[in-house]
Amino acid sequence: TICTKARWWGTTIPQRAFRLLAGEDALSTYNFRPGATLLHHFCRLCGVRVMITGYVEELGGDIVTLQVATLDDVEPAELLEAPISYLDGKNDAWWNPPAEFRHL
């Protein structure tokens, strides 16, 4: 899937708890799966994927998943301490880790 190939490392929060502070004018959006309710937002200048927005019942409804590597002022030590969970988005089984994730 695109997330596996791009090594997506995101953190998911409810949409109501998210506020974009700057850079909205530099974002473009695409729907990576026709009919899906998830939209990928990326920098239209450099192509970096920034976040996913949409609705996933199993993840709490309306969500924002931020690519943690795009956050400003996050120290590597903070990323090393962050908990990691694996989600099986490829099979729309978000509540389960994929069968194999050692390569991730």
When every non-hydrogen atom of Arg49 is compared with those of Phe42, the smallest separation belongs to CA-CB, 3.9 Å

Steps toward side-chain contact (heavy atoms from CB on, under 4.5 Å) verdict (Leu38, Val56): CA-CA 8 Å; Leu38 298 176; Val56 178; 3.6 Å; yes

List the atom pairs, with distances to 0.1 Å, where a side-chain N or O of residues 60-78 and a protein N or O form a donor-acceptor pair under 3.5 Å, not counting sequence neighbours.
residue	atom	partner	partner atom	Å
Thr65	OG1	Thr12	OG1	2.9
Gln67	OE1	Trp9	N	3.3
Thr70	OG1	Gln67	O	2.7
Glu78	OE1	Glu75	N	2.8

Sequence neighbours excluded, the answer for side chain to side chain contact (heavy atoms under 4.5 Å, CB included) partners of Leu45 is Ala26, Cys43

- Message: Would you say Thr53 and His41 are linked by a side-chain donor-acceptor pair, where the criterion is simply a distance under 3.5 Å?
- Response: yes

With a 3.5 Å cut-off and sequence neighbours excluded, list the donor-acceptor pairs that the side chains of residues 13-24 form with protein atoms.
none

(request) Would you check if Leu27 and Val50 make a side-chain contact, meaning some heavy-atom pair closer than 4.5 Å? (result) yes

Distance col, row Leu39:CG vs Met51:CE, nearest 0.5 angstrom, shows 10.0 Å

